[in-house]
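Note: hydrogens, waters and symmetry copies are ignored here, and every other heavy atom, side chains too, is used. For ligands, and for the atoms within them, numbers begin at 1 and follow the listed sequence.
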Amino acid sequence: MNKAKYLFPSDYMADPSVHVFEGKLYIYPSHDRESGIEENDNGDHFDMNDYHVFSLDDVENGEVTDHGVVLSVKDIPWSGRQLWDCDVAFKNGKYYMYFPLKDKNDIFRIGVAVSDKPYGPFIPEKHPMMGSYSIDPCLFEDNGKHYMYFGGIWGGQLQRYRNNKALESAILPADNEPAISSKVVVLSDDMLEFGEEPKDVVILDENGNPLLHGDKHRFFEASWMHKYNGKYYFSYSTGDTHLICYATGDNPYGPFTFQGEILTPVVGWTTHHSIVEFKGKWYLFFHDSVPSGGRTWLRSMKVIEIEYDNDGKIKTIEGLED
Ligand code: FUB
């Protein structure tokens with residue numbers, strides 16, 4: 001499969017987080033909609049208010065099943081607005097959906113909702129996770145522990161925090177200062193809270209120095225973690241430079257060394273992905289805004305196979321801008 005294909009042409013879905021549960025691929029996307037809010041740097045135009053779940057049992061020939069609405073803003077007791085990129089983890093017979101949502105003070109928090117099935121419905125907890133902030137949770141299981149990677153700058157509000165504490169006012173670094181990092185945290189045994197203080201996911205260049213804020217490859221949002229041949233691959237979006245990049249490390253906390261670009265810019269401002277192995281092949285799930293004529297808040301899910309070389313380097317996918 002060397003050509004990207006759209007997964008669900010009949011509605012706008014973005015930020016696909018994909019896992020294998022019960023032998024099938026389950027896709028947990030954001031559900032884009034036209035709410036009439038004008039585009040701005042705060043991302044107010046991404047005004048989503050529910051999630052659907054999708055499944056498929058064969059990427060190349062399978063039918064995509066839409067399991068319908070599994071969680072809505074109106075059912076979340078602490079909700080303000082904007083359900084952004086979610087993800088799901090499995091433990092001891094239960095599925096846990098993690099979602100970023102602005103609370104009633106317009107601050108992004110991360111919430112949890114629980115189901116007995118991978119396809120929901122998911123029942124939200126009464127409060128957001130204690131100490132949670134920012135957006136884009138990604139769940140990764142390794143040696144029996146569940147890790148959450150999260151965070152995003154600009155509209156994702158990560159620049160409002162340092163060392164897990166809210167600042168008096170947001171600070172983006174200067175271009176020659178180290179970039180703001182994604183965060184990683186082990187979850188508590190019951191999966192409902194952080195099990196420790198979140199730590200920085202530091203990305204180093206080939207000389208061992210942290211990537212700088214002015215680097216076009218620095219972290220912006222859309223954290224994803226996967227493991228290939230015993231190595232940990234941290235991948236992410238560079239936001240305003242529109243790339244999906246990756247860095248590798250020896251353990252889930254890093255540090256990670258920058259390796260390269262996985263996906264060059266697609267149509268639409270955002271780019272966001274997940275990487276998963278299924279039936280012996282590796283796939284990149286992502287989105288673009290081609291079907292909506294470039295409207296960046298109306299995105300469509302796609303999938304393409306990825307390839308590694310003998311050194312474990314991922315071959316860059318380019319030329320999907322049209
Ligand atoms: O879908 C809303 C936001 O757009 C996501 O949380 C970001 O990663 C970007 O894709």
Side-chain angles (χ1 to χ4, degrees), residues 7-8 11-18 27-35 37-52 54 71 73 79-88 97-103 106-111 128 132-139 148-160 180-183 201 218-225 234-246 262-263 265-275 284-290 292 294-302 320:
L7 287 159
F8 193 66
D11 201 351
Y12 295 116
M13 301 280 163
D15 311 326
S17 299
V18 182
I27 309 174
Y28 301 96
S30 306
H31 184 190
D32 284 356
R33 66 176 183 131
E34 179 59 83
S35 71
I37 294 179
E38 216 169 288
E39 196 174 344
N40 60 29
D41 283 351
N42 196 38
D44 289 335
H45 48 303
F46 297 109
D47 187 30
M48 299 84 105
N49 61 8
D50 65 25
Y51 293 118
H52 286 228
F54 298 86
L71 181 64
V73 157
S79 70
R81 62 181 181 134
Q82 293 182 292
L83 277 175
W84 283 12
D85 162 55
C86 68
D87 198 8
V88 169
M97 174 178 269
Y98 299 87
F99 57 89
L101 173 68
K102 283 181 180 162
D103 65 14
D106 232 26
I107 306 292
F108 267 119
R109 306 279 175 210
I110 297 174
S132 67
Y133 57 95
S134 199
I135 59 164
D136 288 2
C138 152
L139 275 295
M148 180 194 288
Y149 296 82
F150 66 92
I153 59 174
W154 291 27
Q157 302 181 344
L158 193 56
Q159 68 279 8
R160 298 184 182 189
I180 293 179
S181 300
S182 169
K183 309 293 164 202
V201 177
R218 61 97 170 86
F219 170 80
F220 187 103
E221 62 187 3
S223 300
W224 188 259
M225 174 58 69
F234 175 72
S235 50
Y236 55 96
S237 160
T238 63
D240 55 342
T241 56
H242 314 288
L243 301 163
I244 299 288
C245 290
Y246 75 110
I262 298 176
L263 181 64
V266 294
V267 171
W269 198 94
T270 68
T271 186
H272 192 129
H273 70 299
S274 62
I275 295 172
L284 179 77
F285 288 80
F286 63 106
H287 66 228
D288 70 22
S289 296
V290 172
S292 70
R295 281 175 293 168
T296 202
W297 61 98
L298 297 178
R299 301 161 292 178
S300 296
M301 294 191 286
K302 296 178 93 171
L320 299 183

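At least one heavy atom of Met48 lies less than 4.0 angstrom from ligand 1.
Checked by distance only, ligand 1 and His287 stay at 3.5 Å or farther apart across all their nitrogen or oxygen atoms. Considering backbone and side-chain atoms together, Asp15 places an N or O closer than 3.5 Å to an N or O of ligand 1.
Residues passing the ring-ring contact (aromatic ring centres under 6.0 Å, His included) test with Tyr133 are Phe150, Tyr161, sequence neighbours excluded.
The pair Asp240-Arg218 meets the salt-bridge criterion, with a side-chain N (NZ, NE, NH1 or NH2) lying under 4.0 Å from an Asp/Glu carboxylate O. Comment: Asp44 engages Arg81 in a salt bridge, judged by a side-chain N to carboxylate O separation of less than 4.0 angstrom.
Counted by atom type alone, His287 and Thr270 present one or more donor-acceptor pairs between their side chains at under 3.5 Å.
Closest approach of Val266 and Asp288 over heavy atoms only: CB-CB, 3.8 Å.
Residue Arg299 has at least one heavy-atom neighbour below 4.0 Å for each of these atoms of ligand 1: 1 (O), 2 (C), 4 (O), 9 (C), 10 (O). Here is the list of ligand 1 atoms found below 4.0 Å of a heavy atom in Asp85: 6 (O).
Protein heavy atom closest to atom 9 (C) of ligand 1, with residue, atom name and distance, is Glu221 OE2, 3.3 Å. Here the protein heavy atom with the shortest distance to atom 6 (O) of ligand 1 is Asp136 OD1, 2.5 Å.
Judged purely by atom type and a 3.5 angstrom limit, Ser134 uses its side chain to pair as donor or acceptor with the backbone of Gly152.
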